[in-house]
2 protein chains.
Amino acid sequence: MEDVKCNGCHLKCDSFKFLTKDELELIEANRSTVVFRKGEKIIRQGSIFKEMVSFNQGLAKIHIEGTGGKDLLLGIISSSEIIGGPGLFHDKRYSFSLTALTTSRICLIDSEIFMQVFKTNYLFAESFLREFSRRYNDFFQRFLSLTQKQMHGRMADALLFMADSVFNADSFDLPLSRQELGEFAGMSKESVCRILKEFKDEKLINTNGQKIDILKKDLLCRILEAI
Amino acid sequence: MEDVKCNGCHLKCDSFKFLTKDELELIEANRSTVVFRKGEKIIRQGSIFKEMVSFNQGLAKIHIEGTGGKDLLLGIISSSEIIGGPGLFHDKRYSFSLTALTTSRICLIDSEIFMQVFKTNYLFAESFLREFSRRYNDFFQRFLSLTQKQMHGRMADALLFMADSVFNADSFDLPLSRQELGEFAGMSKESVCRILKEFKDEKLINTNGQKIDILKKDLLCRILEAI
DNA sequence: ATAGAGTATTGATTTATATCAATTGGATTA
DNA sequence: TAATCCAATTGATATAAATCAATACTCTAT
């Protein structure tokens, strides 16, 4: 992988497009580009917040790790996004973990430098805060889903999220194991299997290993909405 | 209630102390002071984001309302705080509801004017973002508690939160009904009664109506930590 | 090919927790 | 003081979903 300059990088997040040449060069001088392989942890929940993650390419999961070793999958990053979480402004710790699901290319940007640019370029700051808040709002939606719905609804939610927010297609190769899908939909891996089978028997979806086809989206939406 | 000028108001949030006289006067000219009584809704989830809430006095709950009428209590506001949620930067809708638990005094500030000040005074912006992110982080903690622990742990969590984060005392008059305490701890009101009784029988706490005394905090903490 | 390891599937059982039902208690009003 | 109403409590029952257990499948490495 050749090292592309930030200025010419077409993978960078939209917010960076508000930066001046000088600002971009400052970022450039204080970033490192790293490739993470499947399963490698990019951000570790609880550790000191030193860098902002500029996610460029690949697929990663945002998750929180409970004390009992139970994991909860909060979101999937599939396109360019600047990721840091509330610790940036709050306690300088990461509130969640970020783990690569497929080989992923990211840039790590020193958070002090990031804040320096944030402070001086309002257009950039506003764009970043929009992104930041969209993610915040997404967490709220997950919160609602996980606490208010029961298994069938949560599974419908998870599948529709994959189709609409990650792949923009009704057929896709799920980048998650059954275990991880369970962590996303808030249920055990066994329950995942049972519900997928039910959906398959009712011809709402088709499954073949990791391959999933959504056949009756309207019905799936109705399951999602039914409390 | 006489109308105090913002400049002389000793109830205002810390962030406002970073404003210049002119900025404070701008806010002053675009705010209304309102008193809400117990049960009155200050912010309605899903409605258009027009105003920031500067909470000054009283007690209120932040909650999300599920489609099935089920409510989930996410936090309690007991001291000055600027409240708006991610909609300020994102979709101009409130992500949660805010309802007074006791008579509460708040100021409503036009969100455009708020953003105008936010944009021009970086110290203010930074202070606000710190507050904003602390709340964000608190939601994460609740998320963790609600999804990773079971009833006893969640109840211990709820009681310790009241003692440490709301009242700063181990004895307090709970401002929530059993129903609401259930919405906070993620369980039915009947389960609330049963667990409070258990805790009482084990002499961890004492209860008498809304009055709650925490007797063995260390043991309660241990229940909280046990997965 | 074959062994081995991990993942997925399916069924049986258990458990946590909600719901339903009945009773009590406390506050408010007539 | 009685009547009314709503919240709280307690017990009995139902149910959603986890866990346990056994088997099947898939992939990798030898």
Side-chain angles (χ1 to χ4, degrees), chain A residues 37-39 61 66 68-73 101-102 145-159 173-202 205-212 223-224 226-227, chain B residues 37-39 61 66 68-73 101-102 145-159 173-202 205-212 223-224 226-227:
Chain A
R37 313 220 157 263
K38 183 183 161 75
K61 60 174 180 181
K70 259 195 218 167
D71 230 41
L72 187 70
L73 219 158
L101 290 171
T102 64
S145 177
L146 283 170
T147 57
Q148 305 271 357
K149 290 186 212 300
Q150 52 198 75
M151 288 205 303
H152 291 78
R154 299 201 302 269
M155 181 55 79
D157 200 353
L159 294 175
D173 268 306
L174 197 71
L176 306 173
S177 66
R178 296 296 190 260
Q179 172 75 39
E180 286 172 314
L181 184 55
E183 285 158 5
F184 190 49
M187 65 185 73
S188 69
K189 59 185 184 302
E190 291 94 338
S191 293
V192 170
C193 290
R194 268 183 273 268
I195 290 182
L196 286 180
K197 185 176 148 64
E198 271 184 63
F199 283 0
K200 192 176 178 175
D201 288 348
E202 291 159 23
I205 64 169
N206 195 26
T207 69
N208 182 11
Q210 302 309 103
K211 180 94 186 345
I212 292 194
I223 291 173
L224 166 81
I227 303 179
Chain B
R37 315 220 158 264
K38 182 182 160 78
K61 60 174 179 180
K70 258 194 218 168
D71 230 41
L72 187 71
L73 218 158
L101 289 171
T102 66
S145 178
L146 283 170
T147 56
Q148 306 271 357
K149 290 186 213 299
Q150 54 198 76
M151 289 205 300
H152 291 78
R154 298 200 302 268
M155 180 56 78
D157 200 352
L159 294 174
D173 268 306
L174 197 70
L176 306 173
S177 66
R178 295 295 190 260
Q179 172 76 38
E180 286 173 314
L181 184 54
E183 286 160 4
F184 190 50
M187 65 185 74
S188 69
K189 57 185 186 301
E190 292 93 338
S191 292
V192 170
C193 290
R194 269 183 271 269
I195 291 182
L196 286 180
K197 186 175 147 66
E198 271 185 62
F199 282 0
K200 192 176 180 176
D201 288 348
E202 290 159 22
I205 63 168
N206 196 27
T207 69
N208 183 11
Q210 302 309 102
K211 181 98 188 342
I212 293 194
I223 290 173
L224 166 81
I227 303 180

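Just so we're on the same page: letters track the sequence lines, and every chain starts at 1.
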Worksheet item: Hey, does Glu180(B) reach any base, or is it just sugar-phosphate, or nothing, if we go heavy atoms under 4.0 Å?
Response: nothing
Item to complete: For Ser188(A), report the nucleic acid contact type (base, sugar-phosphate, nothing); a contact means any heavy atom under 4.0 Å.
Response: base
Using whole Å, what does the distance between atom [atom2] of nucleotide [N] and atom [atom1] of [X] come to?
{"X": "Ile195(B)", "N": "dA18(C)", "atom1": "CD1", "atom2": "C1'", "value": "12 Å"}
{"X": "Leu181(B)", "N": "dA8(D)", "atom1": "CG", "atom2": "C1'", "value": "12 Å"}
{"X": "Met155(A)", "N": "dA16(D)", "atom1": "CE", "atom2": "C1'", "value": "15 Å"}
{"X": "Lys211(A)", "N": "dC25(D)", "atom1": "NZ", "atom2": "P", "value": "21 Å"}
{"X": "Glu183(A)", "N": "dA18(D)", "atom1": "CD", "atom2": "C1'", "value": "15 Å"}
{"X": "Ile212(A)", "N": "dA8(C)", "atom1": "CD1", "atom2": "P", "value": "11 Å"}
{"X": "Arg178(B)", "N": "dG25(C)", "atom1": "CZ", "atom2": "P", "value": "15 Å"}
{"X": "Gln150(B)", "N": "dT15(C)", "atom1": "CD", "atom2": "C1'", "value": "9 Å"}

Worksheet item: If you pin Met151(A) and Asn208(A) to their nearest nucleotides in DNA chain D, which one's is more 5'?
Response: Met151(A)
Worksheet item: Lys211(A): what forms a side-chain hydrogen bond (donor to acceptor under 3.5 Å, both in side chains) with it, not counting sequence neighbours?
Response: Asp213(A)
Worksheet item: With sequence neighbours excluded, what pairs up with Thr147(A) under the side-chain hydrogen bond (donor to acceptor under 3.5 Å, both in side chains) test?
Response: none
Flag the pair [X] / [Y] as yes when at least one side-chain heavy-atom distance between them is below 4.5 Å, and no otherwise.
{"X": "Glu183(B)", "Y": "Arg178(B)", "result": "no"}
{"X": "Glu180(B)", "Y": "Asp71(B)", "result": "no"}
{"X": "Asn206(B)", "Y": "Lys200(B)", "result": "yes"}

Discussion item. Would you say Gln210(B) places a side-chain N or O within less than 4.0 Å of OP1 or OP2 belonging to dA8(D)?
Written reply: yes
Which listed nucleotide ([options]) is nearest to the side chain of [X]?
{"X": "Ser177(B)", "options": "dA18(C), dA8(D), dA8(C)", "answer": "dA8(D)"}
{"X": "Lys197(B)", "options": "dA18(D), dT10(D), dT9(C)", "answer": "dT10(D)"}
{"X": "Ser191(A)", "options": "dA8(C), dA18(D), dA18(C)", "answer": "dA18(D)"}

Worksheet entry | Residues that Lys197(B) engages under salt bridge (charged side-chain N to carboxylate O under 4.0 Å, His left out), provided they are two or more places apart | Asp201(B)
Distance check, rounded to the nearest 0.5 Å: [X] atom [atom1] versus [Y] atom [atom2]?
{"X": "Lys149(A)", "Y": "Lys70(B)", "atom1": "NZ", "atom2": "NZ", "value": "11.0 Å"}
{"X": "Ile223(A)", "Y": "Leu159(A)", "atom1": "CD1", "atom2": "CG", "value": "9.5 Å"}
{"X": "Arg37(A)", "Y": "Thr102(A)", "atom1": "CZ", "atom2": "OG1", "value": "10.5 Å"}

Anything under 3.5 Å between a protein N or O and an N or O of nucleotides 20-23 of chain D, put it in a table, one pair a line.
| from | atom 1 | to | atom 2 | distance (Å) |
| --- | --- | --- | --- | --- |
| dC20(D) | N4 | Glu190(A) | OE2 | 3.2 |

Tell me which donor-acceptor pairs under 3.5 Å the side chains of residues 189-196 of chain A have, and how far apart each pair is, sequence neighbours excluded?
| from | atom 1 | to | atom 2 | distance (Å) |
| --- | --- | --- | --- | --- |
| Ser191(A) | OG | Ser188(A) | OG | 3.1 |

Worksheet entry | Bend angle of the helix from dA1(C)-dT30(D) to dA30(C)-dT1(D), end axes from five pairs each (to 10°) | 30°
